[in-house]
Asker: 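Below: one structure in structure tokens.
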Amino acid sequence: MTIRELADLIGATIETKTVNTGREVLCGYACDLLSWVMARGKEGMAWITVQAHMNAVAVAVLSDMSCVVAAEGVKFDAAVIQKAEEEGVALLETAKSAYEAAGLLYEAGVR
């Protein structure tokens, strides 16, 4: 599944306009504790969270994640979006809960 396909699946908007949305999403994860995600992050991961600040981008970069999905209607601010674009990490926003977004991802075969 690509980032673009993930966005369509969960009804998300892609906030980073210069990041490759054709990048593959290899696995998914839902968690809001940054240190926990740092220890478990994987390359190609779609991370679903309510953390929408600069540190979320840093954690995603450390593990070469495909994207960060802000759940529950949480919004990324302009500075965070700019940094994510510089680092090549896609940022998505969805009104769905983390539970619902993760369930849809799992049901689509992304483990």
Side-chain angles (χ1 to χ4, degrees):
M1 172 178 296
T2 66
I3 293 167
R4 164 62 53 207
E5 291 168 336
L6 169 61
D8 291 343
L9 177 70
I10 64 171
T13 58
I14 301 172
E15 298 301 314
T16 44
K17 303 306 180 199
T18 63
V19 174
N20 176 15
T21 59
R23 183 174 178 188
E24 288 293 317
V25 173
L26 304 175
C27 59
Y29 201 64
C31 184
D32 294 323
L33 187 59
L34 296 179
S35 60
W36 196 266
V37 177
M38 278 181 17
R40 288 158 180 81
K42 295 179 183 176
E43 181 180 346
M45 179 177 279
W47 171 27
I48 304 166
T49 183
V50 294
Q51 303 290 342
H53 47 73
M54 202 67 76
N55 290 341
V57 174
V59 169
V61 169
L62 282 173
S63 297
D64 193 24
M65 293 181 189
S66 291
C67 60
V68 179
V69 179
E72 307 270 351
V74 170
K75 303 287 185 192
F76 295 102
D77 68 32
V80 173
I81 294 168
Q82 180 180 348
K83 183 62 174 175
E85 287 178 337
E86 291 169 8
E87 298 291 346
V89 176
L91 299 180
L92 287 69
E93 296 174 353
T94 183
K96 295 187 183 327
S97 69
Y99 178 80
E100 185 177 8
L104 289 168
L105 198 60
Y106 189 87
E107 189 176 71
V110 178
R111 305 290 191 246

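Note that this is a predicted model, so its numbers are computed, not measured.
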Asker: Please assess Val57 against Glu86 for the test side-chain contact (heavy atoms from CB on, under 4.5 Å), listing each intermediate value before the final yes or no.
Answerer: CA-CA 10 Å; Val57 174; Glu86 291 169 8; over 6 Å; no
Asker: Can you see which heavy atom on Cys67 is nearest to which on Val89, and at what distance?
Answerer: CA-CG1, 4.2 Å
Asker: Using a 3.5 Å distance criterion without hydrogens, assess whether the side chain of Thr16 forms a donor-acceptor pair with backbone atoms of Leu91.
Answerer: yes
Asker: Check for me, please, whether Val61 and Trp36 land in the same ILVMFWY cluster - side-chain distances under 4.5 Å, paths through other members count.
Answerer: yes
Asker: For a quick test of reading the model, state the closest non-hydrogen atom pair linking Thr49 to Cys31 and the distance between them.
Answerer: OG1-O, 3.2 Å
Asker: Starting from the C-alpha separation in whole Å, work towards a yes-or-no answer on side-chain contact (heavy atoms from CB on, under 4.5 Å) for Thr21 and Thr2.
Answerer: CA-CA 7 Å; Thr21 59; Thr2 66; over 6 Å; no
Asker: Test your reading of the model: is there a side-chain donor-acceptor pair from Glu72 to the backbone of Val50, 3.5 Å cut-off?
Answerer: no
Asker: Within 45 degrees of the axis of the six-membered ring of Tyr106 and under 6.0 Å from its centre: does Arg111 put its NZ or CZ there?
Answerer: yes
Asker: Same cluster for Val19 and Met45 if Ile/Leu/Val/Met/Phe/Trp/Tyr side chains link at under 4.5 Å?
Answerer: no
Asker: Report yes or no: do Leu6 and Val68 belong to one cluster of Ile/Leu/Val/Met/Phe/Trp/Tyr joined by side chain heavy-atom distances under 4.5 Å?
Answerer: no
Asker: Give the minimum heavy-atom separation between Lys75 and Ala52, together with the two atoms involved.
Answerer: O-CB, 3.6 Å
Asker: Would you name the heavy atoms of Gln51 and Ala56 that are closest together and state the gap between them?
Answerer: O-CB, 3.6 Å
Asker: Would you name the heavy atoms of Leu105 and Ala46 that are closest together and state the gap between them?
Answerer: CD2-CB, 4.3 Å
Asker: I'd like to know whether Lys42 forms a side-chain contact (heavy atoms from CB on, under 4.5 Å) with Leu26, so could you lay out the CA-CA distance, the side-chain angles of the two residues, the decisive distance to 0.1 Å, and finally the verdict.
Answerer: CA-CA 9 Å; Lys42 295 179 183 176; Leu26 304 175; over 6 Å; no
Asker: Testing the basics here: between Asn20 and Gly22, what is the closest heavy-atom pair and its distance to 0.1 Å?
Answerer: OD1-N, 2.8 Å
Asker: Below 4.0 angstrom, N of the basic side chain to O of the carboxylate: do Lys17 and Glu85 qualify?
Answerer: no
Asker: Walk me through it: do Ile3 and Glu24 pass the test side-chain contact (heavy atoms from CB on, under 4.5 Å)?
Answerer: CA-CA 6 Å; Ile3 293 167; Glu24 288 293 317; over 6 Å; no
Asker: Spell out, yes or no, whether Tyr99 and Trp47 are grouped together once hydrophobic residues are joined by side-chain heavy atoms under 4.5 Å, including indirect joins.
Answerer: no
Asker: Would Arg23 and Asp64 pass as an ion pair if we require N to O under 4.0 Å?
Answerer: yes
Asker: Just by modelled atom types, is the Ala71 backbone N or O under 3.5 Å from a matching donor or acceptor in the Thr94 side chain?
Answerer: no
Asker: Between Ser66 and Gly44 (side chain of the first, backbone of the second, donor and acceptor by atom type, cut-off under 3.5 Å), is there such a pair?
Answerer: yes
